[in-house]
2 protein chains.
Amino acid sequence: MNKRITLKDIAVATGVHVSTVSRALDPKRETPLTDDVVLRIRETADRLGYRPNRIASSLRTQKTMTIGVMIPDITNMIFPPIVRGIESVLEPLGYASIIVNTDSQRGREQRLVEILQDRGVDGIIHTAVLLDDPTIVKAAEAGLPVVTLNRKIEGTRVPYIINDEAAGIEAAFSLLHDKGHRHIAHLAGPRNLSTGQLRLDAFRASAAIRGMNVENLTIVEAAQFDEVDGRRAAEEILIRDPGTTAILCANDRLALGAIDHFRTVGLRCPEDISVTGFNDMPFLNMIPPRLTTVRIQQFEAGAVAARHMASILSGHGEDVPIETILPVLLIERDSVAVPRQA
Amino acid sequence: MNKRITLKDIAVATGVHVSTVSRALDPKRETPLTDDVVLRIRETADRLGYRPNRIASSLRTQKTMTIGVMIPDITNMIFPPIVRGIESVLEPLGYASIIVNTDSQRGREQRLVEILQDRGVDGIIHTAVLLDDPTIVKAAEAGLPVVTLNRKIEGTRVPYIINDEAAGIEAAFSLLHDKGHRHIAHLAGPRNLSTGQLRLDAFRASAAIRGMNVENLTIVEAAQFDEVDGRRAAEEILIRDPGTTAILCANDRLALGAIDHFRTVGLRCPEDISVTGFNDMPFLNMIPPRLTTVRIQQFEAGAVAARHMASILSGHGEDVPIETILPVLLIERDSVAVPRQA
DNA sequence: AACGTTTGTGCAATCGATTGCGCGATTGCG
DNA sequence: CGCAATCGCGCAATCGATTGCACAAACGTT
């Protein structure tokens, strides 16, 4: 167990003071040093295999070069690309990230923010889902750099990156409407999640601009963004309005569940009923009927968030826009057709 | 920006020395203290909202309560459950984890180990894939606690957790053989990845115990564990042995690719050719034909690895077994049938 | 030649928590 | 009642890197 090399070791080896070694090894050196000394120090440093102790450095400088990444659940397939997007930007800059899963639980989220702060993260990238979580807001107001994904925090200067949910819903709605659908139901996500609420609002807006009576729309809210609730909600939609010819779902998994329910009651998609999803998750194009859906830019969203965070941390916080809206893309596949009796 | 509370602040507030405060707040206190003092300190501590500075603590104790988790790629769906399994154990114990993606690149892996060591991680959990990566071995030999997943490191005392790959392959082989298949090909994974090699070996073994000529087996190796290579390799298998009635694939994605290729050449699965996968990845049961595959315990594997790591870190390293083999489960679905001309 | 600048380096404090050592006070025992 | 053992707590060093300040040497100026 050979001891780690420290500045002191190098200082002794070269016969200078540790402060000089520190300065010689500092890339953006403030104090002038003789080239000769710098060279000698550099040389012995990597001859001895010196690796700076980040802990000590962090203690002194109050910077850990670590950022916290809060996500609901890494096993949800839409998040890994976001994480990689973040790291694609932050890792080259020397930052490491601590990823925590909130499981969308308020209490847990609060504890995790504390944990991250205890560890002295330089900032937090927060892929929010809960519509109201005061913890992260408080942290931001206390001066911790925060960037959020999918979530606007009103009344603060916290930058946020969101996908153009409204445009995505509108594109899907437009497609259904253009095909001739007039009985379009919405299988909504949980209203306490930002994406659930936003997509619901967008759905109503799309209906409204086409002169449809917003009051009469069939809208059923799922409790979870999963297949089980998709099935349940789809069943309820058919009960509430048997004349439904198309269902615009708040995400792919709900759509998959809905289609599965239709199968059990003998309805075929898209012949009997059209369905659209949202997210375009991996392998979706291998599950029949290949779902028409809206693709969002996950990797890019993470990368943008990370770039903004990096700007803030390097003191250029004023350059980063409060709002960044990423474009989405309608992916037409096989789950939409003209309504049966048009 | 209100300053953080430190031990010194509490010391001043209660009129004792910081060392006393430190001891009073230490749950496993070595030095005896008056209950009164402890109480007063504890009380003022959380009145002031004290949160210990882990950085300072780490510097002094040489423990960061952080472990590094190295995985090939978090966007590969089999890894998120492993990560959650790890965290389910480590987080309650006060550990945080830094997750890094190696992308199965040797050079990258080496840099990442260094990065983790620079950050003073207390240990590394390494979900290995590359069959030979000297970096992690060196780190382990240098005294860093290491536990590996999916990978045995010969000649060391590094504990490893593996799924019972051999049993899984044997189960799949046995199923195919029992159905009457005698021309069973293997669509192997990359040989430089541990799972690729292990499953290939197991395939040969299964064939051998049934008296089949191991030399004559049709085995094609994919360069990547993905659908594209699955298609390519499947095509080659049919060229090499048109009489093939079943293909045992080294993982699900290869199997999916293979089936896709069969579709393009007019072969149906399972009517014309049977296929098995490995891993039982999410949503696999929604992709037709529902693949018969071998389920591995990802979450549990991560949890076990974490438990072993925790044991080592708490000084009970001698209690952890070098080898842990997790059972697998054959999941029979629809991609296997009796051969066409039996 | 005298004096003010620069220039290169050392000194020492600092970040906040931990911990071996030791001192004074209390307790126990004979 | 005296001495030793124990107890409770303070002192100060320590972890390793960073950085404001001081200081000496070298330089330039008049």
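Below, chains carry the letters A, B, ... as their sequence lines are ordered, and counting in each starts from 1.
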With sugar-phosphate meaning primed atoms plus P, OP1 and OP2, does B/Arg23 contact a base, only sugar-phosphate, or nothing at under 4.0 Å between heavy atoms?
-> base
Rounded to whole Å, CG of B/Asn53 lies from P of D/dT14 at a distance of 21 Å
Given atom CG of A/Asp118 and atom P of C/dG16, what is their separation to the nearest angstrom?
-> 14 Å
So what does B/Ser57 hit on the nucleic acid, given a heavy-atom distance under 4.0 Å: a base, only sugar-phosphate, or nothing?
-> sugar-phosphate
Counting heavy atoms from C-beta on, name the nucleotide in C/dA17, D/dG16, D/dG8 closest to the side chain of B/Ala56.
-> C/dA17
Would you mind classifying the nucleic acid contact of B/Val16 as base, sugar-phosphate or nothing, using non-hydrogen atoms under 4.0 angstrom?
-> sugar-phosphate
Distance test, side-chain N/O of B/Tyr50 to OP1/OP2 of C/dA17, below 4.0 Å | yes
A/Ile5 CD1 to D/dC15 P, straight-line distance once rounded to whole Å | 14 Å
Short side-chain N/O contact to D/dC11 OP1/OP2 from B/His17, under 4.0 Å = yes
For C/dT14, the Watson-Crick or wobble partner whose two distances fall under 3.5 Å = D/dA17
Can you tell me the distance, in whole Å, between the CD atom of B/Gln62 and the P atom of C/dT18?
-> 13 Å
Side chain of B/Leu7 (C-beta onward), nearest among D/dG16, C/dA17, C/dC11 | C/dA17
B/Arg60 has an atom CZ; how far is it from atom C1' of D/dA12, in whole Å?
-> 11 Å
Indicate, with a heavy-atom threshold strictly under 4.0 Å, whether A/Val37 touches base, sugar-phosphate, or nothing.
-> sugar-phosphate
Cationic N near anionic O, under 4.0 Å, A/Arg84 to A/Glu91 = no
Starting at atom CD1 of A/Ile55, determine the distance to atom C1' of D/dT18, rounded to an integer number of angstrom.
-> 15 Å
D/dC15 base / B/Thr61 side chain donor-acceptor hit below 3.5 Å | no
Can a donor-acceptor pair be found between the side chains of B/Thr66 and B/Arg54 at a distance below 3.5 Å?
-> no
The residue among A/Thr127, A/Thr148, A/Val304 that forms side chain to side chain contact (heavy atoms under 4.5 Å, CB included) with A/Ile161 is A/Val304
Rounded to whole Å, the CG-P distance (A/Leu25 to D/dA17) equals 9 Å
Between B/Glu300 and B/Arg307, is there a side-chain N and carboxylate O pair less than 4.0 Å apart?
-> yes
Distance test, side-chain N/O of A/Ser19 to OP1/OP2 of C/dT9, below 4.0 Å | no
Report the nucleotide, chosen from D/dA17, C/dT9, D/dA12, that has the shortest atom-to-atom distance to any side-chain atom of A/Thr20.
-> C/dT9
Do A/Thr34 and A/Asp36 have a side chain donor and acceptor closer than 3.5 Å?
-> no
For A/Ser22, report the nucleic acid contact type (base, sugar-phosphate, nothing); a contact means any heavy atom under 4.0 Å.
-> base
Any side-chain donor paired with an acceptor under 3.5 Å for A/Glu87 and A/Ser97?
-> yes
Nearest-angstrom distance from the residue atom CG of A/Leu59 to C1' of C/dT14 = 9 Å
